[in-house]
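As structure tokens, the structure follows; a few thoughts come after it.
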Amino acid sequence: MNRSKRRARLGLGIVLYILLGLLAIAAIFIFIYVLRHPSDPTTPIAVPSGASASPSPSSESPSPTAEETPEPTPTVEPSPTEPPTPTPEPARFIDGFGRDVLDFDYGQPVPEAEPVGDDFFTDTAFIGNSLTEGFMLYSGLTGVDGFAAKSVSVRNIETVHVVFNGDVINLMDALALKQYGKIFIFLGINEISMKIAEIHDAYGQVIDDIQALQPDASIYIQAITPVTAAAAKDKGAIFNNDRIREINAQLLLLSWEKKCFYIDTFEAFADERGNLPAIASFDGVHLTANYYKTWLAYLKSHAIDKTDYGRKADLQ
Amino acid sequence: MNRLRKAILTALALALILTLSSCAGKFDDPQKIIDDALASGAFSETLEPVENAELMYSNFGLNSSMVESAIFYMSSGATSETIVYLKAKASESMYSVALVAKARVVTLKNSESGYRPEEIPKLDNARVIEDSKSRVVILIVANDYSKLPEVLRDAPLALE
């Protein structure tokens with residue numbers, strides 16, 4: 001009896017071991033199957049936080065129909081983090097020549113570009129001395145307003161009178177009669193004997209005053225044009241192109257400080273030695289009529305358009 | 001007889017031509033007047049024509065209703081030298097046109113005083129020619145008035 005009982009127990013143990021072995025083998029097969037079919041929608045797969053739980057269709061596995069595809073249930077919920085705030089792209093203001101006004105460096109002269117037409121100067125005023133008078137007379141540009149007189153300088157611009165529409169009127173009062181989009185300033189040659197710091201401060205004050213009168217206008221500071229080599233000799237040591245370059249450097253600095261466009265009209269007329277060619281002037285300072293046309297051509301090829309965008313850019 | 005008639009007719013035709021030509025004013029050919037003046041050596045620099053008449057009307061304070069035609073030759077900045085030809089639309093406008101020309105001299109003088117004193121004598125001796133027959137006013141600011149053509153040289157001073 002004891003013997004038969006012992007045999008029965010032994011048989012039961014063997015059966016149990018066989019069953020456990022079979023279960024282990026089945027588990028191994030299931031594990032291998034799962035490994036080989038990771039995209040099987042019926043098999044939930046852990047999804048990293050933040051990633052999509054939906055299977056992505058690929059060219060190898062054509063997207064199954066809605067009936068065939070049960071809705072996948074992600075086993076891991078995405079963490080409830082705040083949705084990322086999209087970083088706004090800074091507004092880009094491109095001028096008529098593809099230049100980004102936002103990036104405009106006021107500490108550099110306006111670069112050369114495809115020339116604009118006369119219509120660029122609609123709503124434009126020119127302020128300056130006798131060279132601006134000459135520009136108004138002989139550049140051939142029409143439909144613009146000129147506020148110019150021979151003796152105008154940063155010292156007297158607040159009190160000087162100009163002829164405007166047939167009336168002799170204070171320059172700044174005349175300028176206040178209308179709002180302009182663009183104002184070109186040409187001053188500095190009558191100031192040549194002033195100290196550099198005085199020129200800087202007085203010219204800066206003129207810009208401030210003009211900007212106060214014309215808040216929406218873009219201001220263009222034109223560099224003092226060169227003089228001829230002969231004029232530099234005749235008119236004394238202070239009246240030469242080195243001195244003019246020195247003042248022009250201040251005008252460039254002011255352009256940067258006051259966010260004005262600096263037009264390098266010195267470069268426009270200087271020969272390879274940095275002088276105004278003798279043929280371009282009767283007295284060594286003022287231009288002959290044809291060269292005012294050259295001046296206009298230079299302004300046209302160094303125009304910066306849509307300056308209102310530039311102002312918006314400044315506000316950012 | 002026929003010959004005599006022919007001669008009389010020819011003489012009459014010549015007389016008519018001469019009469020008509022004598023009616024033409026001394027100032028009816030503006031470009032000739034200007035060219036003669038510019039070639040006379042009276043100006044120290046080459047004056048250039050200003051094509052922007054609208055601007056010049058504005059600068060001079062001229063009303064286009066009183067001027068039939070105008071030609072402006074100006075300095076491009078080096079001096080105050082000028083020659084301007086203005087033809088009035090009507091005889092009644094002559095006085096106003098001449099006044100505008102004289103006022104221009106005053107404006108230039110104010111502008112130059114304290115700035116380029118060497119220009120003041122030129123302005124003090126500026127000429128304004130008024131020819132009512134041809135309704136022409138000519139303003140001249142020159143460097144050497146003695147070199148001007150006679151018809152301009154003896155004209156009255158603008159600031160008299």
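This structure is a prediction, so every number in the text was calculated from the model and none was measured. Chain letters run A, B, ... following the sequence lines, proteins first, then strands; residues in each count from 1.
Residue contact with chain A, scored on non-hydrogen atoms closer than 4.5 Å, involves the backbone and the side chain of B:Ser44 alike. At a 4.5 Å heavy-atom cutoff, the contact between A:Tyr292 and chain B is made by side-chain atoms alone. Neither the backbone nor the side chain of A:Asn129 comes within less than 4.5 Å of any heavy atom of chain B. Interface remark: A:Leu137 contributes backbone and side-chain atoms alike to the contact with chain B (heavy atom separation under 4.5 Å).
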Stepwise salt bridge (Lys or Arg N to Asp or Glu O under 4.0 Å) check, B:Arg116 with B:Glu119: CA-CA 6 Å; B:Arg116 285 189 300 207; B:Glu119 294 299 305; 5.1 Å; no
Any chance you could lay out the ring-ring contact (aromatic ring centres under 6.0 Å, His included) test for A:Phe126 and A:Phe186, step after step, and finish with the verdict? CA-CA 8 Å; A:Phe126 287 84; A:Phe186 184 86; over 10 Å; no
Verdict with reasoning, A:Tyr138 to B:Glu51, per side chain to side chain donor-acceptor pair (under 3.5 Å): CA-CA 8 Å; A:Tyr138 292 110; B:Glu51 289 156 10; over 6 Å; no
For the pair A:Asp201 and A:Gln205, evaluate side chain to side chain donor-acceptor pair (under 3.5 Å) and give the outcome as yes or no after the intermediate values. CA-CA 6 Å; A:Asp201 294 348; A:Gln205 186 60 52; over 6 Å; no
Using the side chain to side chain donor-acceptor pair (under 3.5 Å) rule, take A:Thr265 and A:Gln222 through it: C-alpha gap first, then chi angles, then the decisive distance, then the call. CA-CA 6 Å; A:Thr265 30; A:Gln222 300 173 93; 5.0 Å; no
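Note on B:Asp154 versus B:Arg127: no salt bridge recorded, every NZ/NE/NH1/NH2 to OD/OE distance being 4.0 Å or above.
Looking at every heavy atom in both residues, A:Ser255 comes nearest to A:Ile221 through OG-CD1, 3.6 Å. Between A:Leu287 and A:Trp295, the closest heavy-atom pair is CD1-CE3, 3.6 Å. Here the shortest heavy-atom pairing between A:Phe269 and A:Pro277 reads O-CD, 3.1 Å.
The stretch residues 146-153 of chain B places none of its residues near chain A, where near means some heavy atom under 4.5 Å from a heavy atom of that chain. Close approach to chain A, defined as a heavy atom under 4.5 Å from one of its heavy atoms, is seen in B:Leu55, B:Met56, B:Ser58, B:Asn59, B:Gly61 of residues 54-63 of chain B, taken by number. Scanning residues 81-92 of chain B against chain A with a 4.5 Å non-hydrogen threshold yields no residues. Listed in order of number, the residues of residues 98-115 of chain B that approach chain A to under 4.5 Å between heavy atoms are B:Thr107, B:Leu108, B:Ser111, B:Glu112, B:Tyr115.
A:Asn241 places no side-chain N or O within 3.5 Å of a backbone atom of A:Ile244 that could act as its donor or acceptor partner. Judged purely by atom type and a 3.5 angstrom limit, A:His200 has no side-chain atom pairing as donor or acceptor with the backbone of A:Ile196. Distance alone, capped at 3.5 Å, is enough to place a donor-acceptor pair between the A:Gln211 side chain and the A:Lys258 backbone. At distances below 3.5 Å, at least one donor-acceptor pair connects side-chain atoms of A:Asp271 with backbone N or O atoms of A:Asn275. Without hydrogens or angle criteria, A:Thr159 side chain to A:Asn156 main chain gives a donor-acceptor distance under 3.5 Å. Formation of a donor-acceptor pair under 3.5 Å by the A:Gln214 side chain with backbone atoms of A:Leu175 is found in this model.
Checking each of B:Asp35, B:Asp28, B:Asp36 against B:Lys32 for a salt bridge (charged side-chain N to carboxylate O under 4.0 Å, His left out) leaves exactly one that passes, namely B:Asp36.
In terms of heavy-atom pairs under 4.5 angstrom with chain B, the leader among A:Glu133, A:His161, A:Lys150, A:Met136 is A:Lys150. For the set A:Asn190, A:Val168, A:Asp167, the entry with the most heavy-atom pairs within less than 4.5 Å of chain B is A:Asn190. The residue among A:Ala149, A:Ser130, A:Ser151, A:Gly146 with the most heavy atom pairs within less than 4.5 Å of chain B is A:Ser151.
Between A:Phe184 and A:Tyr220, the two ring planes are parallel [angle under 30°; tilted spans 30° to 60°].
Annotation: cation-pi pair B:Lys122/B:Phe43 absent, no NZ/CZ under 6.0 Å from the ring centroid and within 45° of its normal.
Separating the CG atom in B:Leu157 from the CD1 atom in B:Ile140 is a distance of 11.5 Å, to the nearest 0.5 Å.
A:Asp119 and A:Thr122 form no side-chain donor-acceptor contact under 3.5 Å, judged by distance and modelled atom types alone.
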